[in-house]
Structures are given as C-alpha cells and as structure tokens.
Amino acid sequence: MSGPREQLVGQLARIKDLSGLSLRALASRASLSSSSLSRYLSGQLVPPWEAVVALCRAVGRDPRPLRAVWAEASKAGAAPPPRRNDLPADLFDFTGREAESALVEELLRTAGAVAIDGMGGVGKTSLAVHVAHRLAPAYPDGGLYLDLHGFTPGHEPLDAPAALGRLLAALGVDHPPAGVTERAALWRSELSRRRALVVLDNAVDAEQVRPLLPGAGRSAVLVTSRNRLVTLDGVPPVSLEPLAAGDAASLFGRAAGLTTTEDAIAVGQVLRQCGGLPLALRMAGARLRHRPGWTVAVLAERLRDTTGRFDAVFGMSLQQLDPAQRRMFRLLGVLPGADFDAPVAAALAGTRAGVGDALDELVDAHLLQELSPGRFRMHDLIRQYAADLAADEEPQADAALRRVLEHYLTQAVAHDRTLPSPQRPRPEPGDPAKAMDWFDLEYVNLVACVDAAVRLGADEVAAGLPQAMRVWFFRHRGTDDQARLLDAAAAAAGRLGRGQERAALLADLGYARAAAGRPTDALAAYEQAEQGGADDELTAGLALRIGLARRDLGDLQEAQAQFRRARELFEKLGRAPGQAQALAFDGWVTLHLGNPTEAVELAQASIALANGPARITGLVTLGVALTTREPVEEALRLAEEHNLAHNQALCHNALGVVLRLQGRLDEALEHHRRAFELLEPLAEVQLEIDCLHAYAETCRAAGRRDEALTLLDRTIALAQDLDRPHDERLARAARQALLETV
C-alpha cells in the first residue's frame with residue numbers, strides 16, 4: 001500500500017493531467033517555479049499547502065479534500081535523495097589494521113575528522129576507503145571522494161578553489177561562487193544539511209585541506225597524506241606504520257594463494273624485502289600466484305637480485321607479463337589525467353588487439369586498480385615507476401601520448417555536436433544527457449589533456465578541446481580551469497594561423513573573466529579578439545560584450561556607445577535577437593544616465609524584437625524605468641519557465657528596486673533576500689555586486705542602518721578582491737553618507 005507521500009504525488013499528477021498543460025505552463029498559471037513543481041510531482045519535495053491550493057485553483061478544483069493527505073505527507077517528509085557514492089571499491093583482501101580502523105572510526109564519531117598519514121604504499125587510501133565503506137549506514141547522504149593529487153606524478157596538487165568546485169559539483173552545485181572564502185562557506189553550508197562522509201585523498205599539506213573541512217553538522221571527513229598534518233586544528237592524526245609481521249604474512253599468503261605451510265625463512269625474506277607495505281606485498285604475492293612452479297624461496301631469491309624495495313617488487317611483477325603487456329604498462333606512465341577506460345588504453349597502444357587482456361593482467365598483478373567496471377587508475381608510486389621506465393625505454397612515448405590526445409579531442413567533438421547551443425540550434429542526433437555525463441566524467445582528464453598538449457606542442461588539441469567544451473563550460477560557469485584553458489587555446493590557434501578561431505576563443509575567454517567578476521581582464525581579452533580577425537558576427541557580439549564590461553567598470557557613456565554600435569552591426573546582419581539585446585542594455589545604461597523616457601522607448605523596442613527569455617532584460621529595464629512591477633513580474637515568469645536562476649535573481653532584485661521606489665519597503669526586502677538565495681550557488685559575481693548595491697539602498701530606506709553597513713562592507717571587500725574601483729567608490733560613498741546621517 002502506498003504511503004501518504006505517494007498518495008499526494010498521485011493526486012498532484014492527476015491535477016497536472018486534468019490541466020492539459022505542460023509543466024512550465026501549469027507552474028506559470030499557479031505562480032510557482034517550474035523547478036519547484038517538478039520536485040513536487042516527483043516526490044522530492046512536499047509542497048506547502050499554499051502551493052497545493054494554487055495548483056487546485058489553476059484547474060478549478062476544490063483543494064479541501066486534499067488537506068488530510070497533504071498533512072500526512074508533510075509529517076512523512078519528502079523522498080530521500082539518492083545516496084551519493086563516489087568511493088572507490090573496498091579491497092576484497094583488506095588485512096589487519098584492526099586497531100587503526102577502530103581508532104579512525106572512534107575519532108570520526110567523536111571529532112568528525114581524521115587525518116591518516118604514512119609513507120607511500122603503506123595503505124592510507126585503502127584504510128580510509130575500507131572504513132568509509134564500513135560506516136556507510138551511518139552516513140545516509142553518501143560518501144564523497146576526491147583525489148587532491150598531492151603526490152601524483154605529472155599533476156600539480158589540486159588548489160583549494162578547484163577542489164571546492166569539484167566537491168560542490170558532487171553535491172549538485174554547478175555554479176559555485178568565485179572566491180575561495182565564499183566557496184568554502186557554501187561547502188560548509190551544503191554539508192551542514194547532510195550527513196555525508198568525505199574522503200580527501202592524497203593531500204600535500206594542511207593548507208590544501210583546511211578550506212575543505214566541514215563545519216557544524218553531522219558530516220565527517222577522512223584525510224590521507226604522506227605528511228603528518230599536525231597544524232590542522234580539530235583533525236586528529238592517525239599514523240600508519242608498515243604491517244606487523246603476522247598481518248604482512250597473512251596478506252602475502254592471501255595474495256599468493258598459499259594453502260600449505262611454506263618455508264618460514266623464505267617467507268620472512270619476502271616480507272623483509274616488501275618492508276611490510278601492503279602495495280608491495282600484494283604485488284609480490286600476485287607474482288608468485290602467476291608462477292605455480294615457483295616456491296617462496298625462488299621468489300625471495302629473485303627479489304634479492306634487484307636493489308631497491310620497489311624496483312624489486314615492481315620489476316618482479318612486470319616479469320610475469322608478455323612484451324606487449326609490459327609496453328602497455330610503460331606507456332600508462334605517460335597518460336595524462338586521473339583514470340581511464342579501455343578505448344583510451346587502445347589509443348595509447350595504437351591498437352585494440354590485446355588491450356583488454358593486457359589491462360586484466362595488470363589488474364591481476366596489482367599494477368593497476370579497477371575502480372569500477374572498465375575504469376582504471378594507477379597508484380602514484382607505480383605510475384612514477386612506469387613513467388621512469390617509459391623515459392628510458394619508450395622512444396615513441398610522445399607519439400603514444402599524441403594518439404591519446406587526439407582520441408579525447410575526437411570524443412569531445414562528437415559529444416559536443418549533440419548538445420544544443422545558440423550557435424547550434426539544431427544539434428546532431430544523439431543523447432545530450434549522455435554527452436554531458438561524458439564531459440562530467442572526463443572533465444579532469446580533458447583539463448590534463450590540454451596541459452599535456454601545451455607541453456607537447458600539440459596545438460590542434462590545445463586549440464580544439466576548449467572549443468569542444470564550450471557548451472559544458474557555459475552550463476558550469478565558474479569552473480576554475482576555464483580561463484586558463486581558453487588562454488592556452490587562443491595561443492595555440494594563433495600559432496596555427498587561425499585568426500577567426502583565435503578571436504572566438506578570446507571572446508570566450510573574456511566572457512569567462514566577466515563571469516568571474518573581472519571586467520578589466522575581460523575587456524583586455526575582448527579587445528585582443530577585435531584586433532585578431534573577428535568576422536562580422538563576432539565583431540557585433542564583441543561590441544555587445546565590450547559594452548557590458550564598460551558598464552561594469554562604471555563607464556556608462558562608452559558602454560552606451562558600444563551597445564549602439566552593436567545594434568547597428570546586428571541590424572546589418574539581420575540578427576534580430578542581437579539587436580534586441582543591444583537595445584535592452586542600451587536602455588539600462590540610458591536609464592542610469594538619467595534619461596528614463598528614452599530608456600522606456602529603447603526597452604519597448606527591445607521587447608518588440610525579442611522572443612522568450614530574450615525579452616527579460618528589456619522587461620526589467622521597462623519595469624524599473626516606469627516604476628511598475630508588471631513587466632518585471634512577466635520577466636520573472638519567463639526566467640522561471642526556462643529555469644534561468646541568474647535571471648530569476650535579476651528579476652527579484654529589480655522587483656526590490658521597484659517596490660522600494662513605490663515605498664513598499666518590507667516587500668522590497670523580501671525580493672532582495674530571494675535574489676540572494678538564488679545567487680548563493682551561482683558564479684555570477686557581477687550580478688551579486690549589482691544586487692548588493694540595490695539591497696543596501698533598500699535597507700537604508702527601510703531604516704536598517706546596520707544591515708546596510710554590513711552589505712556595503714561586503715561590497716567593498718568584493719570590489720577590492722576583484723580590483724573594481726568603481727564599485728568600491730560607490731559603496732564607500734554610500735557607507736559614508738549612511739554614517740553621517742543622524
């Protein structure tokens with residue numbers, strides 16, 4: 001029998017069917033956001049009673065019969081979200097560490113955090129993952145895993161902003177704020193509402209980890225590092241030593257498949273050679289298991305013939321492989337990125353023949369880890385060993401790496417072509433959701449490929465990959481690598497002599513910088529693009545973007561000139577949407593230059609030319625210029641119907657301004673607060689600054705002096721951090737005026 005929540009969902013679904021409307025249309029008629037209605041209909045969220053009433057009235061139905069089932073559903077709560085689990089698989093042969101496991105579990109319960117340290121290969125990650133799997137029932141909101149690449153060959157340690165961006169993305173926050181302080185605050189806020197266990201693997205030092213720690217709440221964090229993180233306050237350390245003799249012998253015996261009593265002296269020699277390190281013990285055991293004719297004494301003798309603990313164990317493991325498999329192992333040492341699949345390995349080898357068998361053999365020899373079916377990675381120590389061998393023995397390593405880069409580029413272009421965009425309203429046949437999932441999965445590897453392409457001089461890849469990621473980047477604005485990759489891509493396109501391609505990449509670079517709240521840097525990129533061979537359409541788009549950068553810098557006269565230039569260029573090209581945007585922004589700056597009558601005319605002209613969400617800026621400008629809320633409310637409905645959170649924030653902020661001008665200050669404050677709720681998970685720094693100015697002014701008008709000062713101080717700090725003197729001057733002037741009032 002279904003519960004009250006399921007019954008309510010069924011009733012709401014019948015209301016939708018009765019309406020005959022699309023989800024967006026029904027949401028609009030009921031004055032709800034389409035995203036909220038979607039969550040109500042899926043059972044992810046129990047609607048407030050007012051929303052149930054609004055839906056019933058939208059279809060002419062009496063809501064009162066639903067009151068009882070709604071009340072019971074509210075008590076039951078919403079359906080729990082699916083449990084997130086990014087953890088690598090637990091080791092089937094995890095051995096020993098009973099005391100350390102118990103201590104880690106106890107510290108997680110009491111302190112909510114543990115830092116496991118120890119030398120490479122001692123089993124830090126294995127212990128952390130093992131404990132995380134054991135404690136999974138205690139953390140119903142899931143287990144998150146992030147490799148910080150503190151000691152990964154060929155990788156720079158992941159910096160805090162990038163790490164926070166990836167952690168927030170794992171929680172569904174696609175547009176994180178720009179600053180590390182804001183990201184850390186949002187991360188703590190998101191975790192405070194969950195009970196999750198976070199594994200931060202391979203940290204280089206305490207400074208890398210500190211911004212990633214959860215705050216108050218029931219979530220916990222497990223950190224691993226080769227260094228002891230003694231300065232990490234509130235995170236007690238647990239240091240791992242090599243396995244004791246008994247546990248080491250047990251692990252070796254399991255890995256080797258020993259079933260009878262062996263020569264104790266020979267076993268002891270193998271254990272000493274492996275130094276009690278689980279990684280080495282598993283590899284030595286795998287070597288013996290693959291040589292049934294060998295005794296432990298033979299293995300011990302072979303290990304003694306090689307100097308150096310890891311050279312001995314790794315070298316022994318390689319001996320069980322055939323030449324093609326050994327070559328695969330060496331080449332994997334030069335592979336960019338974190339993990340890979342079989343097609344990438346085939347590109348690396350230059351053939352598909354035998355690749356699956358080679359990967360299976362490497363997994364069996366413990367030279368490779370299979371994270372999930374068909375997905376592999378190497379331990380850092382083994383990766384370094386493979387890279388060293390490749391440097392000495394693989395003259396064609398660069399050619400293999402180029403094949404991998406070209407493989408990723410081909411895949412990225414193919415997936416990108418299935419994604420709709422303003423430049424591609426009719427994409428190629430395919431599954432856009434699958435394409436976005438591929439970019440999500442391979443993102444870290446794609447970034448590493450661009451870096452590798454720059455090092456290798458592979459300009460086709462360096463220029464092409466960021467272009468293929470354009471739609472993904474647009475939907476994930478605020479990604480830390482975006483500006484760096486676009487800069488590298490523009491330089492590569494320039495070396496290839498592709499002026500228009502370089503100009504388009506520079507325009508994208510400027511957009512990324514503008515989204516991060518750095519209009520001066522954005523302007524520099526736009527001006528470079530203008531001088532570098534932009535075609536007519538790009539020139540028109542650049543004029544629009546230059547106008548926006550000038551507006552954000554406070555140069556309203558120059559911004560107006562650029563918007564009017566953009567309008568003329570779009571008109572010559574017959575591009576009505578571009579004309580509409582130029583008119584709308586022209587109207588906005590004209591209003592702020594003190595000419596509301598002309599601003600109204602420009603806004604009306606924009607609205608007449610535009611369709612759908614393209615009407616939003618014109619409607620907002622019209623509403624503020626006329627001090628009337630109806631056009632802004634229409635803009636808000638459009639933003640909600642199309643799930644445009646940043647435009648929803650823009651509209652709520654504008655409603656706050658209109659209501660303040662009408663003297664309805666309490667309502668105005670509510671809309672400003674709603675704007676900031678929407679802005680919290682977005683990387684829209686420019687919009688945040690605009691909203692801060694407006695919110696502070698409304699607080700001042702409402703007599704909320706202290707609140708206004710807090711908002712102005714926040715504006716000043718943000719403007720200083722982003723080198724925005726115009727916004728800093730405005731905020732300081734408003735602050736001084738507020739302090740001088742009696």
Side-chain angles (χ1 to χ4, degrees), residues 120-121 152-154 252 255-257 270 273-274 277-294 298-371 374-405 407 445 452 456:
T152 304
F252 171 68
V270 171
Q273 190 66 40
C274 293
L277 299 180
L279 177 64
L281 290 162
R282 286 190 176 91
M283 294 174 68
R287 177 61 176 149
L288 186 61
R289 189 179 68 246
H290 282 76
R291 285 290 184 271
W294 283 15
V298 172
L299 174 64
E301 182 180 350
R302 297 294 182 94
L303 288 173
R304 283 197 305 271
D305 291 340
T306 307
T307 58
R309 177 181 302 153
F310 289 112
D311 282 356
V313 179
F314 296 168
M316 288 290 295
S317 296
L318 284 178
Q319 289 175 25
Q320 74 190 56
L321 306 176
D322 65 28
Q325 293 161 357
R326 287 197 293 271
R327 177 174 178 266
M328 172 64 77
F329 172 76
R330 293 192 298 269
L331 290 176
L332 287 171
V334 303
L335 192 67
D339 52 15
F340 63 94
D341 57 17
V344 170
L348 190 68
T351 178
R352 295 182 181 179
V355 167
D357 290 341
L359 295 175
D360 287 343
E361 285 293 327
L362 291 171
V363 171
D364 289 345
H366 290 280
L367 291 165
L368 202 60
Q369 300 166 321
E370 189 166 14
L371 300 175
R375 200 81 188 172
F376 307 90
R377 74 177 299 164
M378 273 184 162
H379 188 284
D380 288 353
L381 290 174
I382 300 175
R383 186 185 183 114
Q384 185 62 63
Y385 181 70
D388 291 343
L389 289 179
D392 293 338
E393 302 175 23
E394 283 295 334
Q396 300 301 313
D398 282 356
L401 178 53
R402 285 181 183 273
R403 289 194 297 271
V404 169
L405 300 181
H407 167 82
N445 296 329
L456 203 61

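On a predicted model such as this, the values are computed, not experimentally measured, just so you know.
- Asp388 meets the side chain to side chain donor-acceptor pair (under 3.5 Å) test with Gln384; sequence neighbours excluded.
- Between Pro336 and the choices Val344, Asn445, Leu401, Leu456, the side chain to side chain contact (heavy atoms under 4.5 Å, CB included) rule is met once, by Leu401.
- Taking both residues in full, the closest heavy atoms of Ala338 and Arg377 are given as O-CB, 3.6 Å, listed atom of the first, atom of the second, then distance.
- Within the structure, the side-chain hydrogen bond (donor to acceptor under 3.5 Å, both in side chains) test picks out the following pairs touching residues 394-403 (sequence neighbours left out): Arg330-Glu394.
- Residues passing the ring-ring contact (aromatic ring centres under 6.0 Å, His included) test with Phe252, sequence neighbours excluded: none.
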Next on the checklist: Apply side chain to side chain contact (heavy atoms under 4.5 Å, CB included) to residues Leu362 and Gln325 and explain how you reach the verdict.
Outcome noted: CA-CA 8 Å; Leu362 291 171; Gln325 293 161 357; 5.6 Å; no
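- Here CG of Asp322 is found 7.5 Å from CD of Glu361. Values are rounded to the nearest 0.5 Å.
- Counting only heavy atoms from C-beta outward, the side chains of Phe329 and Met378 approach each other to under 4.5 Å.
- Taking every heavy atom of both residues into account, His407 and Pro343 meet most closely at CE1-CB, 3.9 Å.
- Taking each heavy atom of Val270 and Ala284 in turn, the nearest pair found is CG1-CB, 4.4 Å.
- The distance from the CG atom of Leu331 to the CG atom of Leu348 is 4.5 Å, given to the nearest 0.5 Å.
- Across every non-hydrogen atom of Ala349 and Met328, the tightest pair is CB-CE, 3.7 Å.
- Here the shortest heavy-atom pairing between Ala390 and Val334 reads CB-CG1, 3.9 Å.
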Item to check | Intermediate values then yes/no, side chain to side chain contact (heavy atoms under 4.5 Å, CB included), Leu332 and Phe340 | outcome: CA-CA 10 Å; Leu332 287 171; Phe340 63 94; 3.6 Å; yes
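- Screening residues 341-354 for salt bridge (Lys or Arg N to Asp or Glu O under 4.0 Å) gives Asp341-Arg375 as the qualifying pairs, with residues at least two apart or on separate chains.
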